There are 2 protein chains.
Amino acid sequence: MGSVPVGDSGFCRRFPNGLGFDFGSDGSSSSMVLDQERRAPSRLGGKRVGAGILDAKTAMAMKSHSEAERRRRERINGHLAVLRSMVPCDDKMEKAALLAQVISHVKKLKRNAAEINKSYTVPSDTDEVRVEVEGDMTIAGRLMVRASLCCDDRPEILADLRQALSGLHLKTVRAEISTLGGRMKNVLTMTSEGTFSNVDKHLFVASVHQALNSILDRVKSREDFLSRASFSNKRQRISPF
Amino acid sequence: MGSVPVGDSGFCRRFPNGLGFDFGSDGSSSSMVLDQERRAPSRLGGKRVGAGILDAKTAMAMKSHSEAERRRRERINGHLAVLRSMVPCDDKMEKAALLAQVISHVKKLKRNAAEINKSYTVPSDTDEVRVEVEGDMTIAGRLMVRASLCCDDRPEILADLRQALSGLHLKTVRAEISTLGGRMKNVLTMTSEGTFSNVDKHLFVASVHQALNSILDRVKSREDFLSRASFSNKRQRISPF
DNA sequence: TTCTACACGTGAAGC
DNA sequence: TGCTTCACGTGTAGA
């Protein structure tokens with residue numbers, strides 16, 4: 001991959017004196033270039049002069065042009081080299097494949113970030129129960145479920161959750177509890193102990209949903225009770241911490 | 001940005017008949033090309049034939065060559081277009097700047113992922129207490145602290161934590177609890193209620209560290225006690241869920 | 001005008 | 001051998 005500059009291409013085709021750009025000393029050295037130009041006239045504007053002498057100024061312009069282009073290439077390839085070191089890929093991977101790899105890597109990172117953020121949410125002001133199956137497929141015959149409950153912060157909710165979920169044969173792999181300003185959000189990641197068919201899956205999700213909703217209802221009614229009895233401020237913060 | 005192909009460059013310099021590649025019908029149409037070739041002989045090997053007729057096979061090879069190169073460019077630019085739509089950038093941003101933007105974007109995503117993973121860790125098999133100040137600076141005069149405790153899973157640890165931290169005037173903004181295979185990991189994000197100088201900060205971190213370590217010690221000694229008394233398996237899972 | 005960024009066709013090199 | 005990749009210098013359009 002890659003080739004070192006070895007002469008013949010580009011300038012050396014057009015300026016075959018092999019010396020680069022020492023125009024101005026001897027105009028005759030570019031007579032062949034002139035002949036070539038006569039056959040296929042350049043449209044670069046004023047590149048030719050009447051007697052067949054290539055304009056020195058134009059030559060310098062072309063030199064700086066090609067050098068600018070070289071710098072541009074180095075800039076782009078430099079960035080590509082950095083990307084090559086940042087994504088998991090072979091050192092000899094070609095440019096297009098490298099870019100494809102970068103694309104898939106960025107997509108993966110974004111997917112992970114979105115996945116994490118789903119459970120990282122700070123409790124909101126609206127009560128909410130959400131239950132979803134983790135991934136589209138059951139992994140190793142087991143069901144992975146993420147359930148979240150957002151409601152007013154009550155210390156007894158942990159026990160309520162435990163009780164509500166106890167009949168569902170779930171193993172809690174991960175629990176996340178956020179409290180803020182008298183609100184709380186619980187996010188539970190759980191696996192089933194048995195295997196599920198697709199039909200069972202939906203029934204199961206529904207039953208988890210119902211279990212969490214019953215807790216939410218209890219929190220609401222208790223809140224109403226407390227509110228009616230004027231026992232405490234609705235927004236009082238009661239956190240386990 | 002960009003220019004449409006308009007003739008004069010490349011093939012049309014070498015094959016200025018303006019008709020593309022209908023060689024074979026009339027060899028004389030490429031006599032000028034031959035002259036050009038004589039001045040700067042190609043090294044592509046076998047491109048010339050004795051009488052000055054450009055080999056038709058070579059012409060086809062060059063045609064397929066330039067077309068392959070065009071396809072390659074389209075592939076690369078296609079990937080660049082995808083990246084342009086994935087990172088926050090102007091539509092008219094040049095290639096090098098786009099790649100620079102991609103680099104910084106990937107770095108940002110990786111940094112976020114690493115930051116999240118610090119607290120997302122699944123409980124490990126080694127006991128650990130970690131306390132660190134969130135960010136280098138105190139925000140709005142307050143101290144944000146992240147403390148984590150990884151140890152054997154005991155249901156009473158939540159109460160222990162609450163008690164241990166009660167004297168430190170901390171408000172728990174976020175609590176995360178993971179249990180797996182009889183181990184548990186607590187990650188607490190807390191803010192101080194007062195303001196801190198740099199010196200106080202370190203003292204404060206040390207006291208949080210000490211508080212968590214005392215809990216860890218208690219878990220360990222209780223474990224030893226249970227172990228000595230043969231009450232239960234050391235790895236028995238006792239989870240609040 | 002000059003300066004840039006782009007697409008192009010090309011020679012070389014690797015397989 | 002033919003096919004692919006890369007770097008190169010160049011023509012052209014826009015600022």
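The shown structure was predicted, so the numbers you read here are calculated from the model rather than taken from an experiment.
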request  = Would you please test Arg183(B) and Asp152(B) for salt bridge (charged side-chain N to carboxylate O under 4.0 Å, His left out) and show each step?
outcome  = CA-CA 4 Å; Arg183(B) 299 283 295 173; Asp152(B) 268 3; 2.8 Å; yes
ask   = Is any NZ, NE, NH1 or NH2 atom of the basic residue among Arg72(B) and Glu69(B) found under 4.0 Å from an Asp or Glu carboxylate oxygen of the other?
value =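 A salt bridge links Arg72(B) with Glu69(B).
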Side-chain touch Lys110(A)/His105(B), heavy atoms, less than 4.5 angstrom =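 Answer yes - side chains close enough.
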Could you tell me the separation between the [atom1] atom of [X] and the [atom2] atom of [N], rounded to a whole number of Å?
{"X": "Asp91(A)", "N": "dC6(D)", "atom1": "CG", "atom2": "P", "answer": "14 Å"}
{"X": "Glu69(A)", "N": "dA7(C)", "atom1": "CD", "atom2": "P", "answer": "11 Å"}
{"X": "Met62(B)", "N": "dC3(D)", "atom1": "CE", "atom2": "P", "answer": "15 Å"}
{"X": "Leu98(B)", "N": "dA5(C)", "atom1": "CG", "atom2": "C1'", "answer": "13 Å"}
{"X": "Met93(A)", "N": "dC15(C)", "atom1": "CE", "atom2": "C1'", "answer": "17 Å"}
{"X": "Glu67(B)", "N": "dT5(D)", "atom1": "CD", "atom2": "C1'", "answer": "17 Å"}
{"X": "Met60(A)", "N": "dT2(C)", "atom1": "CE", "atom2": "C1'", "answer": "14 Å"}
{"X": "Glu94(A)", "N": "dC15(C)", "atom1": "CD", "atom2": "P", "answer": "13 Å"}

inquiry  = Does dG9(D) have its OP1 or OP2 closer than 4.0 Å to a side-chain nitrogen or oxygen of Lys63(A)?
reply    =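 Checking dG9(D) against Lys63(A), no side-chain N or O comes under 4.0 Å of OP1 or OP2.
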request  = Pull out every residue in residues 71-81 of chain A that has a heavy atom closer than 4.0 Å to any atom of DNA chain C, ordered by number, or say none.
outcome  =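 Residues of residues 71-81 of chain A that come under 4.0 Å of DNA chain C are, in numerical order, Arg72(A), Arg75(A).
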query = Does His209(B) have any side-chain contact (heavy atoms from CB on, under 4.5 Å) partners at least two apart in sequence or in another chain, and if so, which?
reply =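 Counting only residues at least two positions away or on another chain, His209(B) forms a side-chain contact (heavy atoms from CB on, under 4.5 Å) with Val129(B), Val131(B), Asn213(B).
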ask   = Out of dC6(C), dT10(C), dG9(D), which nucleotide sits closest to the side chain of Lys95(B)?
value =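 The answer is dC6(C).
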task = Taking salt bridge (charged side-chain N to carboxylate O under 4.0 Å, His left out) as the test, write out the residues that go with Glu128(B), two or more places apart.
result =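 Listed in chain order: nothing, the list is empty.
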message = With hydrogens left out and only the distance checked, is there a donor-acceptor pair under 3.5 Å joining His65(A)'s side chain and the base of dG9(D)?
response =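 Between dG9(D) and His65(A), which were checked side chain against base, a qualifying N/O pair under 3.5 Å is absent.
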inquiry  = So which atom in Asp91(A) and which in Arg84(A) form the shortest heavy-atom distance, rounded to 0.1 Å?
reply    =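 Looking at all heavy atoms of both residues, the shortest contact is O-NH1, 3.5 Å.
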Donor-acceptor pair, side chain of Gln101(B) and main chain of Val87(B), under 3.5 angstrom =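 Not confirmed, Gln101(B) side chain does not pair with Val87(B) backbone.
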